[in-house]
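First up is the structure itself, then whatever we jot down about it.
One-based numbering, in listed order, for ligands and for the atoms of each.
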Amino acid sequence: MNVGILGAGPFGLALAARLARHRVDVRVTTRDVAKAAERARGYPALAEVPELITDMATVLGESDLLVLALPYPVALRLSQRFPAFAAGRSLVDVTNPLLLRDRGDPFAAGDGCLGIARALPYTRIAKAFNTFTAARMDTDASDVAPYATDDDSVADTIEDLARRIGLRPVRIGPLAYASHLESAALVHQLTSGALS
Ligand SMILES: NC(=O)c1ccc[n+]([C@@H]2O[C@H](COP(=O)([O-])OP(=O)(O)OC[C@H]3O[C@@H](n4cnc5c(N)ncnc54)[C@H](OP(=O)(O)O)[C@@H]3O)[C@@H](O)[C@H]2O)c1
């Protein structure tokens, strides 16, 4: 399986590092490839991945599974402006729209994953992995990985991928349940002090 991650922030790179440690093929793309490559040097597992950070066209062309690891408003705007970018593809949304660091009202984030799904009617979408912090994702702990989707084929892909990287996937329900995962991440962050 080839995984293509859109976004080279702490979460995108932590996920890439975990995938690399478990020998899953991974590529990452973002707007500033040079800056991202520099940041990736902080992850020993990524040093062994040739051409890890690459352009969007390569990631879109070569990945079986796309991961949206951009700030939620950026991911939503991308989906609304370029609805064809993931047409016919499987995509995992890891965004946490309630957790914007510069948020005013955390509940003003709109429809979260469902907003992205509405913008991408021809994409098989799952909400997954958003309940992990980047630091936790960059471990090999065998945590439960709850996910939500309407699509059985993307569910199979998530099950396979999660197990390959040492997680225990649990399908909690349809994509409408993505909002529960987004709320769970907010509660976790608020109670763990990760936002302070
Ligand atoms: N960090 C966590 O613990 C965590 C946990 C679970 C889920 N998430 C979710 O995962 C997603 C990624 O989070 P993150 O922590 O990795 O960092 P992030 O700051 O949300 O995203 C970083 C990536 O987004 C790019 N980006 C930022 N603003 C952009 C813009 N206006 N246009 C195009 N690209 C832009 C950055 O590019 P540059 O490098 O060029 O700025 C970088 O590649 C978020 O939705 C977050 O809610 C994060």
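Looking at Phe129 next to ligand 1, no N or O pair under 3.5 Å apart turns up. In terms of polar-atom proximity, Asn130 is not counted as a contact of ligand 1, lacking any N or O under 3.5 Å from an N or O of the ligand. Residue Leu70 places at least one N or O, backbone or side chain, under 3.5 Å from an N or O of ligand 1. For the pair Asn96 and ligand 1, the shortest N or O to N or O distance falls below 3.5 Å. Note: no N/O pair closer than 3.5 Å links Thr95 and ligand 1 by distance alone. Residue-to-ligand polar distances place Arg39 within reach of ligand 1: an N/O pair is separated by less than 3.5 Å. Backbone and side-chain nitrogen or oxygen atoms of Phe132 are examined, and none is located within less than 3.5 angstrom of a nitrogen or oxygen of ligand 1.
Annotation for ligand 1: atoms under 4.0 Å from non-hydrogen atoms of Val94 are 7 (C), 8 (N), 9 (C), 10 (O). Atoms of ligand 1 found under 4.0 Å from any heavy atom of Gly12 (numbered from 1 in listed order, with element): 16 (O). Set against the non-hydrogen atoms of Gly7, the atoms of ligand 1 under 4.0 Å away are 43 (O). Ligand 1 places these atoms under 4.0 Å from at least one heavy atom of Gly9: 16 (O), 17 (O), 22 (C), 23 (C), 42 (C), 43 (O). Every atom of ligand 1 with a heavy atom of Lys35 under 4.0 Å away is listed here by number and element: 38 (P), 39 (O), 40 (O), 41 (O).
Side-chain atoms of Arg27 do not come within 3.5 Å of backbone N or O of Asn2 as any donor-acceptor pair. A donor-acceptor pair under 3.5 Å links the side-chain atoms of Arg18 to the main chain of Thr139, judged by distance alone. Looking at Ser79, its side chain never comes within 3.5 Å of a backbone N or O of Ala119 through a donor-acceptor pair. A donor-acceptor contact shorter than 3.5 Å is absent between the side chain of Asn130 and the backbone of Asn96. Between the side chain of Thr29 and the backbone N or O of Thr54 there is at least one donor-acceptor pair closer than 3.5 Å.
In Met137, neither the side chain nor the backbone holds a heavy atom less than 4.0 Å from any atom of ligand 1.
Atom OG of residue Ser90 and atom CG of residue Asp151 lie 6.5 Å apart, to the nearest 0.5 angstrom.
In the displayed structure, Tyr43 atom OH is contacted under 6.0 Å by more than 12 heavy atoms of other residues, nucleotides or ligands.
Between Arg171 and Glu159 there is no salt bridge, since none of the side-chain N atoms of the basic residue sits less than 4.0 Å from a carboxylate O of the acidic one.
Side-chain contact annotation: Asp93 with Thr95, donor-acceptor N/O pair under 3.5 Å present.
Ligand 1 does not have Ala36 within reach: every non-hydrogen atom of the residue lies 4.0 Å or more from it.
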